[in-house]
Amino acid sequence: MSTYPLVLDADAQSLLFREARTANAFSAEPVTDEQIQAVYDLVKYGPTAFNQSPLRVTLVRSPEARERLLKHMAEGNRAKTAAAPLIAVLSADNEFHEELPQLVPHYPQAKDDFFGERPVREQSALLNATLQAAYFIIGIRAAGLAAGPMTGFDPAGLQKELLDDDHTPLMVINIGRPGENAWYPRAPRLAYDQAVTTV
């Protein structure tokens, strides 16, 4: 393996990035609340603008809730979602500003100064919750679990079914230990010179 000027050791780099893949099949081993709490307690430290932390996680555990979710998944995503040990629906809380006095104690008026208007909140929540969703995927990998993130679902239907008008669904993530034939072949990535420009 090539050496890079990274502090993170090679095994951790592989766990989080180089060897990590989107899982499409899972073993029957359950995912515990303790594992998910450990993931959240790690990734909550990832930065967001104004520390707004708009990501909300809805864990789908009961058979009834799973059935309610499945009818809104794209056809190609239903079977693997039905079989996943745990499903998380990630959403952006468009009323995140109500928590800002707690999250930004040195500037509690940010709630009204910057986020008094709903369209401004929706735009900011979408960007920052999506950023947190990426942290959440890395956290799942850090717990030794595999993630199967998907955006193939009916957003309006899912919102009405499991959320409310103040929460915009971002993605559905299947979570568990990888099962048999969990991986598709690794897809290519852009090279440094294709993605990075210096000006």
Side-chain angles (χ1 to χ4, degrees), residues 8 11-27 29-62 65-66 69-70 72-74 77 80-81 83-97 99-100 102-103 121-153 155 158-159 161-164 166-179 182-184 187 189:
L8 203 62
D11 288 343
Q13 292 171 35
S14 293
L15 177 70
L16 300 179
F17 295 100
R18 291 197 178 91
E19 301 299 325
R21 312 264 284 286
T22 294
N24 292 287
F26 297 89
S27 76
E29 182 179 338
V31 178
T32 67
D33 288 338
E34 291 77 13
Q35 286 172 300
I36 296 302
Q37 183 168 348
V39 168
Y40 180 78
D41 285 342
L42 175 66
V43 304
K44 69 183 179 184
Y45 293 109
T48 56
F50 276 98
N51 196 34
Q52 65 188 248
S53 307
L55 180 71
R56 301 295 178 263
V57 181
T58 302
L59 300 177
V60 180
R61 285 203 179 274
S62 72
R66 189 176 292 244
L69 168 66
L70 288 175
H72 300 289
M73 298 301 295
N77 290 332
K80 61 186 174 182
T81 302
L86 179 63
I87 309 160
V89 176
L90 305 192
S91 63
D93 183 357
N94 296 307
E95 296 298 304
F96 69 86
H97 68 311
E99 311 297 336
L100 286 182
Q102 171 192 344
L103 295 171
R121 290 199 302 275
E122 289 179 351
Q123 182 178 15
S124 191
L126 179 64
L127 173 63
N128 286 278
T130 302
L131 182 62
Q132 286 187 282
Y135 301 148
F136 192 76
I137 292 168
I138 300 301
I140 290 168
R141 294 171 175 179
L145 300 168
M150 300 166 289
T151 56
F153 56 84
L158 180 55
Q159 182 180 38
E161 193 74 53
L162 292 176
L163 304 172
D164 58 38
D166 290 331
H167 293 79
T168 302
L170 301 173
M171 66 183 68
V172 174
I173 303 183
N174 294 331
I175 305 170
R177 300 274 183 199
W183 320 116
Y184 296 148
R189 299 297 194 266

Show me the pairs that pass salt bridge (Lys or Arg N to Asp or Glu O under 4.0 Å) and involve residues 126-138, at least two apart or across chains.
none
Can you sort out the partners of T81 under side chain to side chain donor-acceptor pair (under 3.5 Å), two or more places apart, ordered by chain and number?
N174
For D33, give me all partners under side chain to side chain donor-acceptor pair (under 3.5 Å), at least two apart in sequence or on another chain.
R61
Got a sec, which pairs hit salt bridge (Lys or Arg N to Asp or Glu O under 4.0 Å) with one end in residues 35-49, sequence neighbours left out?
D41-K44
By side-chain contact (heavy atoms from CB on, under 4.5 Å) - contacts of P149 (at least two apart)
T22, I137, A147, M171, I173
With T168 via side chain to side chain donor-acceptor pair (under 3.5 Å) - residues at least two apart
N94
V60 to A65 - nearest heavy-atom pair and separation
CG1-C, 3.7 Å
Which heavy-atom pair separates G139 from V43 by the least distance, and what is that distance?
CA-CG1, 3.6 Å
Going by the rule side-chain contact (heavy atoms from CB on, under 4.5 Å), which residues pair with L8 if we only count those two or more places apart in sequence or in a different chain?
A12, Q13, L16
Who passes side-chain contact (heavy atoms from CB on, under 4.5 Å) against H72, sequence neighbours left out?
D154, L158, E161
S124 versus Q52, side-chain donor and acceptor atoms under 3.5 Å:
yes
Any chance you could lay out the side-chain contact (heavy atoms from CB on, under 4.5 Å) test for I87 and T58, step after step, and finish with the verdict?
CA-CA 8 Å; I87 309 160; T58 302; over 6 Å; no
Ring pair (Phe, Tyr, Trp, His ring centres under 6.0 Å) filter on F153, not counting sequence neighbours, yields none
Sequence-distant partners of E29, side-chain contact (heavy atoms from CB on, under 4.5 Å), two or more places apart:
S27, R177
Quick test of your reading: applying salt bridge (Lys or Arg N to Asp or Glu O under 4.0 Å), list the pairs with at least one residue in residues 126-148, sequence neighbours left out, ordered by first then second residue.
none
Run the numbers on Y135 and L42 for side-chain contact (heavy atoms from CB on, under 4.5 Å), then give the verdict.
CA-CA 9 Å; Y135 301 148; L42 175 66; over 6 Å; no
According to side chain to side chain donor-acceptor pair (under 3.5 Å), who are the partners of R56, at least two apart in sequence or on a separate chain?
D93
